[in-house]
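Take a look at the structure below.
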2 protein chains.
Amino acid sequence: MLIGQLARQAGCEVETIRYYEHEGLLSAPERTAAGYRSYRSEHLGELNFILHCRSLDMSLAEVRILAGFRSDPQQDCAGINDLIDRHLETVHQQVESLQLLEQQLLALRERCPASRDAAHCGILRTLVDAAQGEACACHTPFGDGTRHGHTEST
Amino acid sequence: MLIGQLARQAGCEVETIRYYEHEGLLSAPERTAAGYRSYRSEHLGELNFILHCRSLDMSLAEVRILAGFRSDPQQDCAGINDLIDRHLETVHQQVESLQLLEQQLLALRERCPASRDAAHCGILRTLVDAAQGEACACHTPFGDGTRHGHTEST
DNA sequence: GTTTACCTTATAGTAACTTCAGGCTTGGCC
DNA sequence: GGCCAAGCCTGAAGTTACTATAAGGTAAAC
């Protein structure tokens, strides 16, 4: 199976496959006489594993760890649970952060229901005032007093 | 005011300020005899405007547009409304996508409440089976039949 | 024999910074 | 005056997970 066929079967781009191989996530296949990558079914399983993890928004670093467990199943799987728990926590924080953000944007949008000139635009005024340290429609009603309401988890 | 002071007042990193100047978002200040950047209060306002927009998760490209309206308030502000509306739509889709993802991860996490060896770990088994084309605990109950449930808006 | 589809590598670009390397300036202390 | 630490400077490279491009080789059909 050549790379194009593998890509079609897995539903990803050819370049992505080469990238995963380059990153050491996908094991390197044999080559044909012409130097073409020649895949077998276990490669499809490997690739699908990676793509499935990615569809759960795991980083390639996380996938790398899970792939380690996959290839060495003697290990204690507590590490898997931890990884999923941490990832879940990250995603949960992202959800909360984005929901707050959505409320902030809606509040901002309320400021300018009709189109006028920018000098009188409530949205822009709010943004400019906020930069001056004024209470802002977007952050004040929801924020907890910290300077910028929307924080990424690190 | 030197760059370190400006950074402390605005609550950002020195490098971020230099980056914004480099990107043409923040106007370049005067320099001292030694070549140090010397800021005045309008720079703080400018910087806070950028940081506030960024705290609303706007891209620098979006901030650039809003900064244009800010410096030229004669323009029709319909563009501002459009920008906020589009951004709101993007954020809303992100929220929905991440909420789905969270459900998927919770379903996956359910598979392995206790720690055993990876060979019998329900999470890993689910991930591996999914790669084989089996129905997976994470995607099946929520997915709509498409291969990978979590899609980014483009 | 040529067109078409497919494959190869290496390199650069994306977003929004962050980090690093290597070097100058300022201010305090002795 | 000498020394040191903190703070400033520039320019380049690193980060993530690809995506795109350039320039070219190969295989099969027509």
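Throughout, protein chains are lettered first and strands after them, A, B, ... in sequence-line order, and every chain is numbered starting at 1.
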What integer distance in Å separates [X]:[atom1] from [N]:[atom2]?
| X | N | atom1 | atom2 | answer |
| --- | --- | --- | --- | --- |
| Glu21(B) | dC9(D) | CD | P | 9 Å |
| Glu13(B) | dC9(D) | CD | P | 14 Å |
| Asp57(A) | dT16(D) | CG | P | 15 Å |
| Arg8(A) | dA5(C) | CZ | P | 12 Å |
| Arg37(A) | dT8(C) | CZ | C1' | 8 Å |
| Leu6(B) | dG7(D) | CG | C1' | 15 Å |
| Leu25(A) | dC18(D) | CG | P | 9 Å |
| Ile17(A) | dT19(D) | CD1 | P | 12 Å |

Hey, which sits more toward the 5' end of DNA chain D by its nearest nucleotide, Thr32(A) or Gln5(B)?
->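 Final value for this comparison: Gln5(B).
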Name the closest nucleotide to the [X] side chain, picking from [options].
| X | options | value |
| --- | --- | --- |
| Ile3(B) | dC9(D), dC17(C), dT8(C) | dC9(D) |
| Ser59(B) | dT10(D), dT8(C), dA16(C) | dA16(C) |
| Arg54(B) | dA16(C), dC24(C), dT19(D) | dA16(C) |
| Tyr19(A) | dC17(C), dT19(C), dC18(D) | dC18(D) |
| Glu15(B) | dC18(D), dC6(C), dT18(C) | dT18(C) |
| Arg31(A) | dT9(C), dA17(D), dT10(D) | dT9(C) |
| Thr16(A) | dA16(C), dT18(C), dT19(D) | dT19(D) |

Going by atom types only, do Glu89(B) and Gln93(B) share a side-chain donor-acceptor pair under 3.5 Å?
-> yes
Residues Gln99(B) and Gln103(B): side-chain donor-acceptor under 3.5 angstrom |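 Side-chain D/A pair, Gln99(B) to Gln103(B): absent.
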Would you name the heavy atoms of Arg37(B) and Leu2(B) that are closest together and state the gap between them?
->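 It is O-CD2, 3.4 Å.
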5'-most contact on DNA chain C (nearest-nucleotide basis), Leu2(A) vs Ala34(B), goes to Leu2(A)
Describe the nucleic acid contact of Arg18(A) in one word from base, sugar-phosphate, nothing, applying a heavy-atom distance below 4.0 Å.
-> base
Which one of Leu47(B), Ile17(B), Leu44(B) satisfies the side-chain contact (heavy atoms from CB on, under 4.5 Å) criterion with Tyr39(B)?
->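 By the side-chain contact (heavy atoms from CB on, under 4.5 Å) criterion, Tyr39(B) pairs with just one of Leu47(B), Ile17(B), Leu44(B): Ile17(B).
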Any Tyr20(A) side-chain N or O less than 4.0 Å from OP1/OP2 of dC18(D) |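 Yes.
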Any side-chain heavy-atom pair of Arg70(B) and Leu66(B) under 4.5 Å |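 With C-beta onward as the side chain, the pair stays apart.
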